[in-house]
Amino acid sequence: MAALLRVADSGETHLLEDFNLLGRSHDATIRLNDTGISRQHATIRKEGRLFWITDLGSANGSYVNDVALSAARVLRHGDQIQLGTLLLIFDQDESGSTQELVGGKTQMLRTAVNLPVKTVEATLLVGDLKDFTRISSQLTAEEVAMMLREWYADCEAILKPLGAVIDKFIGDGVFAYWPASDVDTRLRALEAARMLSRPEAAHSPTRKVLRETKGIIVQCNVGLNVGPVALGAMGRGLNTAVGEAVNLTFRIEGLTRQLGVPVLVGSGFVHQMPDASGVFDAKGPHLVKGQPDPIDVYGLREL
């Protein structure tokens with residue numbers, strides 16, 4: 001499904017690719033010449049039929065329909081995107097039948113069918129690139145785009161063969177889940193966490209060059225959790241996992257930097273795991289945002 005950004009004042013249009021880096025840098029996919037816009041301001045990534053926008057820690061923030069972006073968000077036809085003083089309009093046909101220009105002809109495509117919502121006990125994974133803001137400040141916009149594109153590909157190559165569903169990429173992060181919580185599923189999630197958190201496991205050309213020429217090592221921290229989530233249609237054409245367990249998994253991943261541990265898991269994940277004492281180190285209770293009581297977390301011992 002084709003989509004474009006239109007500059008409200010000038011009418012200038014930018015056709016969106018599968019991955020787009022927006023900013024003032026000369027090598028940004030979509031270069032926006034505005035002093036209020038950072039060199040590497042935001043990304044827009046196509047996933048299936050949807051386009052997700054993510055702020056990259058820009059100085060002045062990104063806004064969609066006057067709401068500040070604090071996480072990745074799906075764009076809808078007519079959405080107004082404010083970057084600096086520029087107002088951009090997202091254009092995409094979301095009628096019952098979607099039109100795409102294919103080979104110079106208009107082809108009619110059916111709108112994806114929403115799945116019914118159901119609650120399941122799921123195994124959840126959140127991965128996030130360590131020190132991404134510091135690393136990206138040392139790179140050109142093109143290098144940032146190449147690094148993220150290759151990392152997304154690595155995530156898919158690791159997670160999908162292990163049975164995970166990649167719910168979404170969020171800038172420098174990934175959220176995935178398994179719609180089950182048995183021991184075998186958790187063991188597969190642990191293997192995914194091990195593979196994602198090993199810098200040497202990724203042999204992408206861009207990261208190899210960054211390591212050899214700039215001494216930059218791109219590493220992923222991972223949080224794992226088990227809990228009930230609602231799966232299904234949360235909006236037109238948007239199927240995702242939501243629930244307090246998802247929020248908690250993001251908080252657990254956030255503790256990895258505080259505790260200096262690349263992989264952390266929640267107490268529910270450890271429950272009934274074979275030889276848990278030989279695999280995990282208790283890291284004690286910690287207060288996290290959104291939880292009234294401290295939560296117990298455990299570090300993965302061997303990577």
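A quick note: this is a predicted structure, and the numbers were derived from the prediction, not measured.
No single ILVMFWY cluster, assembled from side-chain heavy atoms under 4.5 Å apart, contains both Leu264 and Leu129. Transitive grouping of hydrophobic side chains (ILVMFWY, heavy atoms separated by less than 4.5 Å) brings Leu22 and Val7 into a common cluster. The hydrophobic clustering, which links ILVMFWY residues whose side-chain heavy atoms are closer than 4.5 Å, places Val222 and Ile135 together. Leu75 and Val67 are assigned to two separate hydrophobic clusters, defined by single-linkage of ILVMFWY side chains at heavy-atom distances under 4.5 Å. Leu248 and Met273 sit in two unconnected hydrophobic clusters of ILVMFWY residues. Membership requires side-chain heavy atoms under 4.5 Å apart, directly or through other members.
When side chains are defined from C-beta on, Leu255 counts as touching Val288, because their heavy atoms get closer than 4.5 Å. Looking at heavy atoms from C-beta onward, Arg194 lies in side-chain contact with Leu190 at the 4.5 angstrom threshold. For the pair Ile53 and Val64, the minimum side-chain heavy-atom distance is below 4.5 Å. In this structure, the side chains of Leu259 and Val297 come closer than 4.5 Å at one or more pairs of heavy atoms. Contact annotation: the side chain of Ile81 never approaches that of Leu87 to less than 4.5 Å [non-hydrogen atoms, C-beta and beyond]. Two residues are said to be in side-chain contact when any heavy atoms from C-beta on lie closer than 4.5 Å; Asn60 and Ile37 fail this criterion. At least one side-chain heavy atom of Ile170 sits less than 4.5 Å from a side-chain heavy atom of Lys168. You'll find the side chain of Leu139 reaches within 4.5 Å of the side chain of Met147, heavy atoms only.
The closest donor-acceptor contact from the side chain of Thr185 to the backbone of Ser181 lies at 3.5 Å or more, if one exists at all.
For the atom pair OG of Ser62 and CG of Leu69, the computed distance is 5.5 Å after rounding to the nearest 0.5 Å. Residue Phe132 holds its CZ atom at 10.0 Å from OG of Ser137, rounded to the nearest 0.5 Å. Going from atom CZ of Phe51 over to atom CZ of Phe90 covers 5.5 Å, rounded to the nearest 0.5 Å. Between the CG atom of Asp55 and the OG1 atom of Thr43 there is a distance of 9.0 Å, given to the nearest 0.5 Å. Interatomic distance, Leu125 CG to Leu162 CG, rounded to the nearest 0.5 Å: 10.0 Å. Interatomic distance, Ile295 CD1 to Lys283 NZ, rounded to the nearest 0.5 Å: 14.5 Å.
Between Glu143 and Lys214 there is a salt bridge, since a side-chain N of the basic residue sits under 4.0 Å from a carboxylate O of the acidic one. By the 4.0 Å N-to-carboxylate-O rule, Asp182 lies too far from Arg186 to be salt-bridged with it. By the 4.0 Å N-to-carboxylate-O rule, Glu253 lies too far from Arg251 to be salt-bridged with it. At a threshold of 4.0 Å, the pair Asp131-Arg257 does not count as salt-bridged, since none of the basic side-chain nitrogens sits closer than that to a carboxylate oxygen.
By the neighbour-count criterion of 12 heavy atoms within 6.0 Å, atom CG of Asp66 is sparsely surrounded, having that number or fewer from other residues, nucleotides or ligands. Heavy atoms from other residues, nucleotides or ligands lying under 6.0 Å from CD of Glu142 number 12 at most.
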Run the side-chain hydrogen bond (donor to acceptor under 3.5 Å, both in side chains) check on Gln291 and Glu244 step by step: do they pass?
-> CA-CA 10 Å; Gln291 297 294 316; Glu244 186 55 35; 2.6 Å; yes
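Note on residues 5-28: pairs passing salt bridge (Lys or Arg N to Asp or Glu O under 4.0 Å), not counting sequence neighbours, are Arg6-Asp91.
When each of Leu16, Ile44, Leu21 is tested with Ile30 by the rule side chain to side chain contact (heavy atoms under 4.5 Å, CB included), just one qualifies, namely Leu16.
Annotation for Ala241 and Asp167: closest pair N-OD2, 2.8 Å, computed over non-hydrogen atoms.
Note on ring orientation: taking the six-membered ring where Trp is involved, the planes of Tyr298 and Phe280 are perpendicular (angle over 60°, cut-offs 30° and 60°). Using bins of under 30°, 30° to 60° and over 60° for the plane-to-plane angle, the ring pair Phe169/Tyr152 lands in the tilted bin.
Side-chain contact of Thr29 with Asn20: a donor-acceptor pair under 3.5 Å is absent, judged by distance alone. Remark: the Asp296 side chain and the Ser267 side chain contain no N/O donor-acceptor pair separated by less than 3.5 Å.
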